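Just below is one structure, and these are the notes that go with it.
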Amino acid sequence: MYWAKEIETISREKLEELQLKRLKDTLENATRCPYYRDLGLGDYRVETLSDIEKLPFTTKQDLRDAYPYGMVCVPQKRLVRLHASSGTTGTPTVVFHTMSDIDTWADLVARCLYMIGVRQEDVFQNMIGYGLFTGGLGLHYGAERIGCLTIPTGPGNTKRQLRFMREFDVSVVHVIPSYALHLADTVENLDIVPERDLPHFKRAILGAEPHSEETRRKVEEFFGIDAFNSYGLSEMNGPGVAFECQEKQGMHIWEDAYLVEIVDPDTLAPVKPGEIGELVMTTLTREGMPIIRYRTKDLTALIPGECACGRTHHRIKRISGRTDDMLIIKGVNIFPVQVEQAFMGMEGVGRNYQIILESRGHNDHMIVRVELDPDMFIDDFKKLEELRKRIIGSLRSELLITPEVNLCEPGSLPISEGKAVRVIDKRTI
Ligand code: AMP
Ligand code: ZN
């Protein structure tokens, strides 16, 4: 049941002892790079875990300022890999790994996969981008570590993906949630019946972008599988940071590898236990490029209490949004995933949506375009109008503003091979 039973079920007391030891080692190592040395990191004394609060935060901007090698703590010849985060503009944020970092990372990912029931007999198809993005290689090495037959298809070419799934008896896929929904559309268009044509398919790992519980359910019901939420970011390696167990009640965040804090994004003070705030993490095992108190901008909360699976590492809630993805519409703060949550579970709603923001006079105007379920009859105007009104009502009670809702034909909205682009902001004021 466990990949690494001892560490996954370690007592909180022992875990904290280990964290403190690793934190001290990390700080010592971190002072070897120009960035943290110049910051005077060596002057801080850490005797308890809560002393972490005295240390400075690290932001994405700091990583950019230290570009290219300013945060590297080992001689260049010991580095074996570079990854970069998925942002497309400005200086990339790069992270370097030594051989031991790659090994530790693969083991963390293997731990996640094993936790959801993946075994050596499984055939694993990785539909997530390889290359600088961490989702591809990160999961790939973890799946190989378990011994799965691992198929590195990467994203796109949906027909070929399905062909491989059928012909190689694929049992597990790793996929971006928006692409999983697109895959379902394609399955339907090709008259593939999941139970009949993909009988080995049992599990999907949904990662890399925010998605709602409703989207998970849609994927699970359509394919007749279990889908698990996987959270990670390149600054903390990538996938393998936090992952749902089979209880599906939050994601275990591996605290032997990361020291976790949740802070108020404005005051930067710790939030009360169980409250939502910004996730801040310190690497505890990385040697090539340790990062201290990294402000992820991701909003989540620690889930109090123990998990029925027996793992002692804390769980975090599904990410509700990024502080920098928050939309301010008519003065109201809205996260795209809240929009999705309002209608994704409704009968008649399809698998894709888009949010368009415009200026009308001096006001913001929000249009939500929602694809219809292929079973919905496009010419039943009464039914369509009822559905449209139901979506508006649900969005109004979720968001407290009333957007315009346009229903669209299945498959008519753009899809992306990487993370979905949900919001098109055309506002001029
Ligand atoms: P990157 O560093 O390019 O891999 O992007 C990492 C970011 O993707 C995170 O900071 C999150 O904002 C987002 N992300 C990754 N996995 C998830 C997930 N399971 N749920 C929500 N957001 C996620
Ligand atoms: Zn659990």
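Worth saying up front: this structure is predicted, and the values here are computed from it rather than measured. Numbering starts at 1 and runs along the sequence shown. Just so you know, ligand 1 is whichever comes first in the structure, and atom 1 is the first atom listed for that ligand.
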[X] neighbourhood, listing ligand 1 atoms whose heavy-atom distance to it stays under 4.0 Å:
X	result
Ile319	20 (N), 21 (C)
Gly232	6 (C), 9 (C), 15 (C), 16 (N)
Lys419	1 (P), 3 (O), 4 (O), 5 (O), 6 (C), 7 (C), 8 (O)
Ser85	2 (O), 3 (O)
Asn229	18 (C), 19 (N)
Phe133	4 (O)

Point to revise | Region of Asp298 that comes within reach of ligand 1 [heavy atoms, distance under 4.0 Å] | key: side chain
Check your understanding: Under 4.0 Å from ligand 1, counting heavy atoms only, is it the side chain of Pro210, its backbone, both or neither?
Key -> both
Tell me if a side-chain donor or acceptor on [X] pairs with a main-chain N or O of [Y] at a distance below 3.5 Å.
X	Y	result
Arg286	His97	no
Tyr36	Ile292	yes
Thr153	Gln161	no
Glu398	Val339	no

Review point. Are Ala208 and ligand 1 in contact, using a heavy-atom cut-off of under 4.0 Å?
Key: yes
Practice item. Please work out whether the ring planes of His252 and Trp254 are parallel, tilted or perpendicular, with thresholds of 30° and 60°. Key: parallel
Point to revise | Heavy-atom closest contact (Arg318 atom, Thr300 atom, distance) | key: O-OG1, 4.3 Å
Review point. In terms of heavy-atom contacts, does NZ of Lys5 have more than 12 from other residues, nucleotides or ligands at under 6.0 Å?
Key: no
Review point. Is Thr296 in polar range of ligand 1, meaning some N or O pair under 3.5 Å apart?
Key: no
Check your understanding: Do you know which N/O/S atom name in His252 is closest to the Zn ion (ligand 2)?
Key -> NE2
Check your understanding: Any cation-pi pair here, Arg422 with Tyr353, using under 6.0 Å and within 45°?
Key -> yes
